[in-house]
2 protein chains.
Amino acid sequence: MSDSSDLKKAGLKATLPRLKILSMMEEAKEPHMSAEGIYKSLLESGEEVGLATVYRVLTQFETAGLVIRHNFEGGRAVFELNQGHHHDHMVCVECGKVFEFFDPAIEARQRKIAEKSGFVMEEHSLYIYGTCEGMKKNGVCSKKAKTTGMA
Amino acid sequence: MSDSSDLKKAGLKATLPRLKILSMMEEAKEPHMSAEGIYKSLLESGEEVGLATVYRVLTQFETAGLVIRHNFEGGRAVFELNQGHHHDHMVCVECGKVFEFFDPAIEARQRKIAEKSGFVMEEHSLYIYGTCEGMKKNGVCSKKAKTTGMA
DNA sequence: TCCAAAATGAGAATAGTTATCGTTGGCCTG
DNA sequence: CAGGCCAACGATAACTATTCTCATTTTGGA
């Protein structure tokens with residue numbers, strides 16, 4: 001179980017649900033999880049946490065800077081622990097896999113563009129959507145594609 | 001009213017609702033509109049088009065390449081006419097205003113990054129969120145804060 | 001003009017998320 | 001270490017954006 005001082009430092013009371021959610025995210029193999037996914041994983045581990053609480057806590061974590069929320073296509077939000085180092089994402093539209101990358105040149109250009117138009121940049125989001133290597137090689141990716149055969 | 005040949009060329013029957021929606025988007029001063037916003041604008045113009053139809057038609061337009069869908073933060077989707085020239089967006093988190101920009105260097109880097117990881121890029125989305133000039137100067141932007149004023 | 005196929009409109013249904021509200025529990029005080 | 005305040009919790013209702021269903025209407029070709 002995660003240390004309660006992490007929460008305290010973030011200005012949040014160290015409640016049981018918060019600790020459970022935080023440590024579950026730290027231990028999960030998949031770093032990008034939906035609220036629903038976190039909720040279900042907790043249930044499977046025998047941890048009783050309400051779905052509303054998961055949403056509430058994730059929003060608090062986001063505000064506190066502990067996690068980062070990504071709004072993927074289709075209105076799905078996923079969360080990942082804030083590891084301190086910013087990065088962007090490549091998402092496979094076939095299997096849903098998420099790859100991370102960081103490009104200093106792009107970062108610099110973005111700052112410059114914002115600056116040039118008198119914009120105070122707070123954050124940015126960059127997603128590259130496409131099909132990952134597995135798709136190219138085998139016609140399918142690691143997970144399952146849409147079973148319909150048609151794209 | 002927009003020309004029905006635009007629709008025909010896109011492989012879509014030239015129905016009344018489609019023509020109305022297309023011409024409304026062409027004439028609107030705000031190029032980034034939500035489905036709801038388009039629906040309401042049509043109502044105000046005395047045009048009777050069902051909300052479901054607006055959603056359906058916008059999705060068809062997107063598939064046909066006539067419009068581009070943007071998934072902004074908070075699960076809000078907005079649409080804009082596809083003017084042919086790709087560009088990215090800066091969104092003011094205070095007033096909701098949307099600015100467009102295009103940076104060849106960023107585009108090139110993205111292609112390179114995808115390529116390097118064996119990714120076949122289909123599309124990408126880049127949004128810079130921040131506060132626009134009006135905010136810095138006057139403490140408020142053109143519109144009002146709080147109400148996520150997206151058409 | 002006539003007809004089959006496609007599109008529409010109204011409203012029901014769905015998914016994801018947020019709000020409500022009575023109950024529980026963290027943690028500060030003494 | 002107990003008492004109590006107030007924030008946090010859980011269950012569920014409500015909400016928002018979008019999609020689905022299906023009876024009715026429209027389109028475009030013969």
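Below, chains carry the letters A, B, ... as their sequence lines are ordered, and counting in each starts from 1.
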On the nucleotide D:dT19, are OP1 or OP2 found under 4.0 Å from the side-chain N or O atoms that B:Y55 carries?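 Negative; the distance criterion is not met.
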
Expressed as a whole number of angstroms, how long is the span from [X]:[atom1] to [N]:[atom2]?
X     : N      : atom1 : atom2 : result
B:L22 : C:dA7  : CG    : P     : 16 Å
A:L19 : C:dG25 : CG    : C1'   : 13 Å
A:F61 : C:dT17 : CZ    : C1'   : 18 Å
B:K8  : C:dA7  : NZ    : P     : 13 Å
A:L7  : C:dG26 : CG    : P     : 13 Å
B:K20 : C:dA7  : NZ    : P     : 17 Å
B:L58 : C:dA7  : CG    : P     : 15 Å

Does the side chain of [Y] come within less than 4.5 Å of [X]'s, by heavy atoms?
X      : Y      : value
B:F101 : A:S117 : no
B:E36  : B:L51  : yes
B:L126 : B:H89  : no

Treat primed atoms plus P, OP1 and OP2 as sugar-phosphate and everything else as base, then score nucleotides 5-14 of chain D 5' to 3': B for base contact with protein heavy atoms under 4.0 Å, S for sugar-phosphate contact only, - for none. --SSBBBB--

Would you please classify the geometry between the B:H32 ring and the B:H87 ring as parallel, tilted or perpendicular, with 30° and 60° separating the classes?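 Aromatic pair B:H87/B:H32 classed perpendicular.
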
Is there a donor-acceptor pair under 3.5 Å between the side chain of A:R18 and the backbone N or O of A:K13? yes

Which residues share a salt bridge (charged side-chain N to carboxylate O under 4.0 Å, His left out) with B:R109, sequence neighbours left out: A:D103

